[in-house]
Amino acid sequence: MKNLLTRPLFHVALLATSVGGMLAWSGQHNTLEASSHREAPLIADDPLADNTDLYAFRSPDAPNNDANASVTIIANYIPLELPQGGPNYNTFGENVRYEIHIKNGTAGNTGDDITYRFTFTRTNQDPSTFFNIRLGQQNLKTTYICEKSVGGGAFSTIVSNGVVPPPNVGPRSITSAAGLNTTYTALMTNAIQTLADGTKIFCGPTDDPFFVDLGGIFDLGGVRAPGSARDGVARKNTHAIAMQIPVSVLKKASAPALTASTNILDSNYIIGVWASASRPSTRVLSATGGAPTTSGSYVQVSRLGMPLLNEVINPIGAKDAWNAITPYNEALATDDYLSNPELGLYMADNVPVAPTAPKPAGQTYYGEAVPGLGPLRIQSKSLAGQALLGGASFTGFDFRNGAAGVSGLAGSPLLAGTALAPLASGGYGEYLLRPGKPRSVDILPIFHTGVPNAIPYQLATGKAGNPLAAGKPFINNFLLVGTAANNPGGDMLRLNMAVPPTPRNSADFSSEGLLAAAVLGLTDSRFNASTAVQNIPNMDGFPNGRRLEDDVTRIELQAAGGVVLAAIGLWYDDYTPASTTPVTPQLGRVLTFNAGITANDTTFRAAFPYVQTPWSGTNAQRVALAQRSAGLGLAPNLTVAQAFPNPFVDRTTLHFELPTRGTMSLVISDAAGRRVATVAKDKAFAQGVNELTWTPGRDVAPGQYIATLYNGQTVVQSVRIERQ
């Protein structure tokens, strides 16, 4: 098992990802791609109110579990902002209530425990010009008010005049004396508000940190391999509401202070986070061209908790209605989209698996028709627990859509003391074991309740082949939004704040989040030698919260393919009791699967708000025109860079090609965005092929780094490299 899953295997995947990222810069980037964030028909027509992404993670620069520990929440709005989108650049909308909602499980409260509300106002400082910025003045200058409600009570103002930085129009508008005569970094820094309780707030445009091959995935599941995949949100901006909130503010009021000795499974520190946008119910247009008037109560038009739920889980006919409700009143009927996810149809082969697992009556599967999802095959005759559950007569668990899953275990005395026991016995069996809804045991709780520290939701380490035995405690982010009997589930991003952040420069850090932690817990001798509770690297990753680096597309596709079932001991079809390792070829294919794009197109910052400065409009336009000219044969391709060797031990050489003579800088940063080395500073390079070699000293630890080429202050290209 360990031989298959050691880091070199993942290094191969990372190298392939780097090559894919390099090829995506070779003049084929399409500036008119559609955004994945437009997940519902109605909200696609209202981009200013469109939730694009939500992140919640322990702040990596405050790692200790003490008074300094904090959680960063980032709610992004406005999809697919072109940096050059003038003269009226995107900004937060007026007559929109943007809200961040937090549930911490306070007894007796059936709604939000904390709500932060943001409302924005725009002002034109110089209406006489068509420019957005000129001579120190800004049009569409945006400010905000932030209000806070606790326990569903009245809102009180905590920020009365917050400033939103302007769009990054270009160097003349931002840095020259004819513009604002400053730097964009200074604009972002000065916009951060720090409150009396230690909370920090930033609202403004940033690089869009999401990454995904939109063109491939939405072409009927056409997942493309690294090298042919294209990041559909590369070099696009978004607008972020970022908050860094002390754990002491977010935890239950009755919970003790978080310390270094706090159990990482302690339920006192679990929060659920979701974001929304609401508009007045009535909007009347002016017949004379004046501003519209609004009236009526505010109506929720967009919301977001777990990524991709409304995008790829809910069918199109349910998307608009889902955007209008809250996690507290989701009908149990919607659980079927999670218990029988449509993606499951494309991960199961429509061939007989008789005699062990005949297809459910009338069910059709389409696995053979979607080659990109070929490595992801849902268990249809998993023999896990064969010796316990009937020996040779046991026909296996079938997790394909419409099949029984493990629902046949309902009522068995073997479930005593597990989460699968009936409600009357302290479990949640009626919710988790549903005939004909096989994924109610894994996908449903991941999205709707979080995962408890209870059997069978513990790592297979220590289970000795019995999925219903106690294993290695793994994670606890279980948080109900109602009562277990009535409305236990609701879509939120759940995070156990007691889990310390994994250092971004750690050799163990992985964009595969909780899945990477599971692999370590099953295969790494540091963690699989006992069933003791341990803080395994990446236990702070998605779906225990969501970090900026987490590859949620890949993780969710692997989860839909059943990898979570395997982690808790419900092994894949090609595993038998005689297998020498549970990592069979089928599980190995799932673990090495990726969706083509596995990293953001730029670095992240080392400190709050962590997201990068927005892309410059001037540079984005230059890139678009150069690419268009290249397609017409009027100019050579843009810079194309790659590193050899990669991974490397003592040195690596960045090989790049310039269309014309230019002045370039090469900076090396770690995974957290901290500068490690400057290899070249404003050095002149000739047209054509050039090379720069980085030879790090012994003080540079093994791990992942980013090599970034600059032309002045403009990022030309970033390449992910790794030192072994």
Side-chain angles (χ1 to χ4, degrees), residues 37-54 56 73 75-77 79 93 95-105 109-118 149 151-152 155 241 271-283 296-342 431 437 440 443-450 479-494 543 546:
H37 308 334
R38 304 167 69 239
E39 79 286 347
L42 288 179
I43 198 60
D45 296 333
D46 189 7
L48 298 188
D50 188 355
N51 288 97
T52 64
D53 277 293
L54 178 67
I73 299 172
N76 288 340
Y77 295 85
N95 301 309
V96 182
R97 284 179 175 172
Y98 301 91
E99 293 182 331
I100 292 175
H101 310 263
I102 297 158
K103 179 74 175 173
N104 61 22
N109 187 23
T110 57
D112 290 348
D113 293 307
I114 304 172
T115 309
Y116 294 95
R117 175 180 293 168
F118 295 80
S149 168
F155 281 87
I241 296 176
I271 59 172
V273 182
W274 60 288
S276 68
S278 303
R279 281 194 178 275
S281 58
T282 303
R283 181 172 183 255
S297 59
Y298 276 79
V299 176
Q300 182 177 296
V301 296
S302 179
R303 68 160 167 142
L304 190 65
M306 290 283 282
L308 305 179
L309 190 149
N310 202 27
E311 192 169 352
V312 299
I313 298 294
N314 292 341
I316 194 166
K319 292 178 182 294
D320 292 328
W322 187 91
N323 262 342
I325 61 176
T326 77
Y328 308 112
N329 62 358
E330 289 180 36
L332 287 178
T334 64
D335 291 350
D336 192 49
Y337 307 145
L338 294 164
S339 301
N340 279 306
E342 182 187 354
Y431 187 67
K437 299 184 178 183
S440 61
I443 301 297
L444 178 61
I446 289 172
F447 278 83
H448 257 200
T449 64
L479 180 69
L480 300 181
V481 301
T483 63
N486 297 321
N487 183 28
D491 173 52
M492 295 180 178
L493 195 56
R494 288 167 167 83
R546 179 186 178 188

Checklist entry - Say you draw a straight line from CD1 of I102 to OG1 of T115; how long is it, rounded to the nearest 0.5 Å? => result 8.0 Å

Checklist entry - How far does CZ of F447 sit from CG of L493, to the nearest 0.5 angstrom? => result 10.5 Å

Next on the checklist: I want to check something: taking the side chain as every heavy atom from C-beta on, are I271 and N104 in contact at a cut-off of under 4.5 Å?
Outcome noted: yes

Next on the checklist: For the OH atom of Y337 and the CD1 atom of I313, what is their distance to the nearest 0.5 Å?
Outcome noted: 11.5 Å

Next on the checklist: Testing the basics here: between H448 and R494, what is the closest heavy-atom pair and its distance to 0.1 Å?
Outcome noted: O-NH2, 3.0 Å

Checklist outcome for this item: For R546, the salt bridge (charged side-chain N to carboxylate O under 4.0 Å, His left out) test, sequence neighbours excluded, returns D53

Item to check | Residues that R97 engages under salt bridge (charged side-chain N to carboxylate O under 4.0 Å, His left out), provided they are two or more places apart | outcome: none

Item to check | Residue list, side chain to side chain donor-acceptor pair (under 3.5 Å) with S276, at least two apart or on another chain | outcome: H101

Checklist entry - With sequence neighbours excluded, what pairs up with S278 under the side chain to side chain donor-acceptor pair (under 3.5 Å) test? => result none

Checklist entry - Measuring from D491:CG to T326:OG1, what's the distance to the nearest 0.5 Å? => result 10.5 Å

Item to check | Closest heavy-atom pair and its distance - G93, Y98 | outcome: N-OH, 2.8 Å

Checklist entry - Would you say K437's side chain and D336's backbone share a donor-acceptor pair under 3.5 angstrom? => result no

Checklist outcome for this item: So CG of N340 and CD of E342: to nearest 0.5 Å the spacing works out to 11.5 Å

Item to check | Which atom of P327 lies closest to which atom of M492, heavy atoms considered | outcome: CB-CE, 4.0 Å

Checklist entry - Do Y116 and I241 have side chains that get closer than 4.5 Å, going by heavy atoms? => result no

Next on the checklist: Please evaluate residues N323 and V301 with respect to the criterion side-chain contact (heavy atoms from CB on, under 4.5 Å), reporting the C-alpha separation (whole Å), side-chain torsions for both, the decisive distance (0.1 Å), and the verdict.
Outcome noted: CA-CA 6 Å; N323 262 342; V301 296; over 6 Å; no

Checklist entry - Passes side-chain contact (heavy atoms from CB on, under 4.5 Å), R303 versus W322? Steps please. => result CA-CA 8 Å; R303 68 160 167 142; W322 187 91; 3.0 Å; yes

Item to check | Backbone of G111 reached by a side-chain donor or acceptor of K103 within 3.5 Å | outcome: yes

Item to check | Minimum-distance pair of heavy atoms, taken over all atoms of P280 and Y298 | outcome: CD-CE2, 3.5 Å

Checklist outcome for this item: Nearest heavy-atom approach of P445 to S440 is CD-O, 3.3 Å

Item to check | Partners meeting side chain to side chain donor-acceptor pair (under 3.5 Å) with S149 (sequence neighbours left out) | outcome: none

Checklist outcome for this item: Output for pair (L304 CG, L54 CG), nearest 0.5 Å, gives 5.5 Å

Next on the checklist: With heavy-atom distances below 4.5 Å as the criterion, would you say the side chains of R283 and N95 are in contact?
Outcome noted: no

Next on the checklist: Restricting to side chain to side chain donor-acceptor pair (under 3.5 Å), what partner residues turn up for Y77, sequence neighbours left out?
Outcome noted: N51

Item to check | Shortest non-hydrogen contact from S281 toward G296 | outcome: OG-CA, 3.4 Å

